[in-house]
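Given the structure is predicted, the values throughout are model-derived calculations rather than measurements.
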Amino acid sequence: MERPLVVGVDGSDGSLTALDWAVDEAVRLGLPLRIVYASLWERYEGAVPSFGGERPVDEVMAEHIAASTDQRARKRAPDAEVHPVVVPEDPADALLRASYEAAALVVGSSGRGVVAGLLLGSVGLAVAGCAHCPVTVVRGGERNVRGECGRVVVGVGGPDESGAAVRFALREAAARGCEVQAVRVWRCAEQHPAEHVAMAGDTAYAHERRASVFLADALEEPQAEYPEVGVRLTTVEGPAHKALPALSAEADLLVLGSPGRQGRFGLQLGRVSHAALHRSACPVAVVPHP
């Protein structure tokens with residue numbers, strides 16, 4: 001059975017934006033879509049005796065969210081294969097469990113409630129950092145979310161994290177019919193006195209040259225698998241956690257690799273991923289190393 005694209009919803013505006021993005025993504029990739037609404041209401045209700053015939057409010061709300069998101073998805077893509085499910089489980093745990101059998105996960109960047117940003121931030125970080133499949137956090141401007149920029153940006157880091165990310169970016173670009181901008185960020189760590197400006201310039205050139213060679217080598221094999229995708233190689237000097245989010249302003253998707261270490265609440269995500277998940281102007285995909 002083909003692995004589905006899984007999207008987590010909670011009824012908030014942010015999760016509905018993620019749902020719309022996931023529907024379009026499922027159609028692009030030809031994947032079935034599973035809509036997951038997870039809540040612990042059943043556990044809590046089961047612990048309290050019921051003396052009335054009315055159904056619990058949270059149960060009714062769960063079923064309403066599942067039905068309305070299913071209807072929304074089918075209206076957006078009538079021919080898509082959609083499967084809504086309600087799971088009596090912690091949202092992060094439910095999505096992480098789903099990641100074992102998912103082609104990818106999709107979540108929104110904001111949720112419901114007074115402290116929704118904090119709560120969903122924890123869920124988003126846990127899922128992005130610990131999932132066993134790629135995770136896309138849908139955020140950014142309308143133009144970026146709608147995919148009108150015609151570009152997928154991928155950060156090319158170390159060999160233990162960039163290979164899967166590059167292939168993911170190329171696959172996305174092929175499905176979207178757009179280009180890939182592969183970015184290698186470099187920094188000249190040495191500090192040179194003013195009288196040695198020429199030496200500093202030589203060192204910077206050497207750093208940039210190494211970055212260019214590394215980038216070309218990293219793209220050579222994956223690019224051969226997607227010859228129809230145009231690829232632009234870019235080297236940028238500066239801190240990666242600032243440079244990559246800055247490039248997201250003209251992108252439909254920013255793709256980052258992750259070493260895929262196991263843990264909770266995104267503790268294994270690096271500084272670059274954290275910055276992108278909070279500051280990117282477009283959706284961010286975090287791709288774990290196999």
Asks: For residues P288 and H132, report the shortest heavy-atom separation together with the two atoms involved.
Replies: CG-C, 4.3 Å
Asks: For L277, does its backbone N or O pair with a side-chain atom of R139 as donor and acceptor, under 3.5 Å?
Replies: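 Checked: pair present.
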Asks: Looking at every non-hydrogen atom in both residues, tell me the closest pair between A38 and A94 and how far apart they are.
Replies: CB-CB, 3.6 Å
Asks: Regarding R146 and D252, does a basic nitrogen lie under 4.0 Å from an acidic carboxylate oxygen?
Replies: no
Asks: Taking atom CD as the centre, does E148 end up with more than 12 heavy-atom neighbours from other residues, nucleotides or ligands that are less than 6.0 angstrom away?
Replies: yes
Asks: Between the side chains of R3 and E101, is the shortest nitrogen-to-carboxylate-oxygen separation below 4.0 Å, so that they form an ion pair?
Replies: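 A salt bridge is absent here (no side-chain N lies under 4.0 Å from a carboxylate O).
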Asks: V152 and F168: side chain to side chain contact (heavy atoms under 4.5 Å, CB included), yes or no, with the steps?
Replies: CA-CA 10 Å; V152 173; F168 182 92; over 6 Å; no
Asks: Given the rule that I, L, V, M, F, W and Y join up when any side-chain heavy atoms are under 4.5 Å apart, are V85 and V127 in one cluster?
Replies: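 Yes, because V85 and V127 connect within a single hydrophobic cluster, where side-chain heavy atoms sit under 4.5 Å apart.
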Asks: Would you mind reporting whether L16 and T69 have side-chain heavy atoms less than 4.5 Å apart?
Replies: yes
Asks: Taking all non-hydrogen atoms of both residues, which atom of S15 and which atom of D10 are closest, and how far apart?
Replies: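 Smallest heavy-atom distance, with atoms named: OG-OD1, 3.1 Å.
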Asks: Please check if the side chain of S162 supplies one atom and the backbone of V156 the other of a donor-acceptor pair under 3.5 Å.
Replies: no
Asks: If every non-hydrogen atom of T235 is compared with every non-hydrogen atom of S212, which pair is closest and at what distance?
Replies: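 Nearest pair, atom of T235 first, then S212: CG2-OG, 3.5 Å.
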Asks: Given side chain to side chain contact (heavy atoms under 4.5 Å, CB included), test E81 with L33 step by step and report yes or no.
Replies: CA-CA 6 Å; E81 182 181 345; L33 179 66; over 6 Å; no
Asks: Output yes when a side-chain donor or acceptor of S273 lies under 3.5 Å from a complementary backbone atom of G270, and no otherwise.
Replies: no
Asks: Count the heavy atoms of every other residue, nucleotide or ligand shown that sit under 6.0 Å from NE2 of H83, and state whether that count exceeds 12.
Replies: yes
Asks: Mind checking whether T17 and V145 have side chains closer than 4.5 Å, heavy atoms only?
Replies: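 A side-chain contact under 4.5 Å exists here.
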Asks: Assess whether a salt bridge exists between R167 and E221, defined as any Lys/Arg side-chain N lying under 4.0 Å from an Asp/Glu carboxylate O.
Replies: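 E221 and R167: salt-bridged.
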Asks: With heavy-atom distances below 4.5 Å as the criterion, would you say the side chains of D20 and R72 are in contact?
Replies: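 Counting from C-beta outward, D20 and R72 do come under 4.5 Å.
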Asks: To the nearest 0.5 Å, tell me how far L96 CG sits from D90 CG.
Replies: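 Answer rounded to 0.5 Å: 8.5 Å.
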Asks: Hey, what do you get for SG (C282) to CZ (R151), rounding to the nearest 0.5 Å?
Replies: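 Here the interatomic distance stands at 10.5 Å.
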Asks: Take D70 and R74 through the test salt bridge (Lys or Arg N to Asp or Glu O under 4.0 Å) and record every step on the way to the result.
Replies: CA-CA 6 Å; D70 178 39; R74 294 179 187 278; 2.7 Å; yes
Asks: Determine the minimum heavy-atom distance between A165 and V255, stating which atoms define it.
Replies: O-CG1, 3.5 Å
Asks: Would you say CD of E228 has more than 12 non-hydrogen atoms from neighbouring residues, nucleotides or ligands within 6.0 angstrom?
Replies: yes
Asks: Check this for me, if you would: do E250 and R143 make a salt bridge, where the nitrogen-to-carboxylate-oxygen distance has to be below 4.0 angstrom?
Replies: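 Yes, charged N to carboxylate O under 4.0 Å.
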Asks: Can you tell me how far CG of N144 sits from CH2 of W21, rounded to the nearest 0.5 angstrom?
Replies: 12.5 Å
Asks: Report yes or no: does S248 contribute a side-chain atom to a donor-acceptor pair with the main-chain N or O of A251 at less than 3.5 Å?
Replies: no
Asks: Do L233 and Y226 belong to the same hydrophobic cluster, where Ile, Leu, Val, Met, Phe, Trp and Tyr are linked whenever their side-chain heavy atoms lie under 4.5 Å apart, directly or via other members?
Replies: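 Yes, L233 connects to Y226 through the hydrophobic network.
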Asks: Does the side chain to side chain contact (heavy atoms under 4.5 Å, CB included) test come out yes or no for V106 and V138, once each step is laid out?
Replies: CA-CA 7 Å; V106 180; V138 180; 3.6 Å; yes
Asks: Taking the basic N atoms (NZ, or NE/NH1/NH2) and the acidic carboxylate oxygens, is any pair closer than 4.0 Å for D93 and R97?
Replies: no
Asks: To the nearest 0.5 Å, what is the distance between OG on S109 and CG on D13?
Replies: 10.5 Å
Asks: What pair of heavy atoms forms the shortest contact from L5 to A22, and how long is it?
Replies: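 Heavy atoms only, the tightest pair is CD2-O, 3.3 Å.
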Asks: Under 4.5 Å between side-chain heavy atoms, counting indirect links through other Ile/Leu/Val/Met/Phe/Trp/Tyr residues: same cluster for I35 and M61 or not?
Replies: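 Shared cluster, yes.
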Asks: When rounded to the nearest 0.5 angstrom, what is the spacing between OG1 in T136 and CG in L105?
Replies: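 So the gap between those two atoms works out to 9.0 Å.
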Asks: May I ask whether W186 and Y205 are part of the same hydrophobic cluster, defined by side-chain heavy atoms of I, L, V, M, F, W, Y residues being less than 4.5 angstrom apart, directly or through others?
Replies: no
Asks: Identify the residue among L254, L244, V154 that makes a side-chain contact (heavy atoms from CB on, under 4.5 Å) with V183.
Replies: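 That would be L244; it is the only one of L254, L244, V154 passing the side-chain contact (heavy atoms from CB on, under 4.5 Å) with V183.
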Asks: Determine yes or no for a side-chain-to-main-chain donor-acceptor pair under 3.5 angstrom, with R184 supplying the side chain and G157 the backbone.
Replies: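 Yes; at least one donor-acceptor contact below 3.5 Å.
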Asks: Test L29 against E172 for side chain to side chain contact (heavy atoms under 4.5 Å, CB included), laying out the working first.
Replies: CA-CA 8 Å; L29 300 178; E172 281 289 326; 4.0 Å; yes
Asks: Kindly compute the distance separating CD (Q71) from CZ (R76), expressed to the nearest 0.5 Å.
Replies: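 Separation between the atoms: 14.5 Å.
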Asks: Other residues, nucleotides and ligands only: do more than 12 of their heavy atoms fall within 6.0 Å of CD on E237?
Replies: yes
Asks: CZ of R279: more than 12 outside heavy atoms within 6.0 angstrom?
Replies: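 Atom CZ in R279 is not crowded, with 12 or fewer foreign heavy atoms closer than 6.0 Å.
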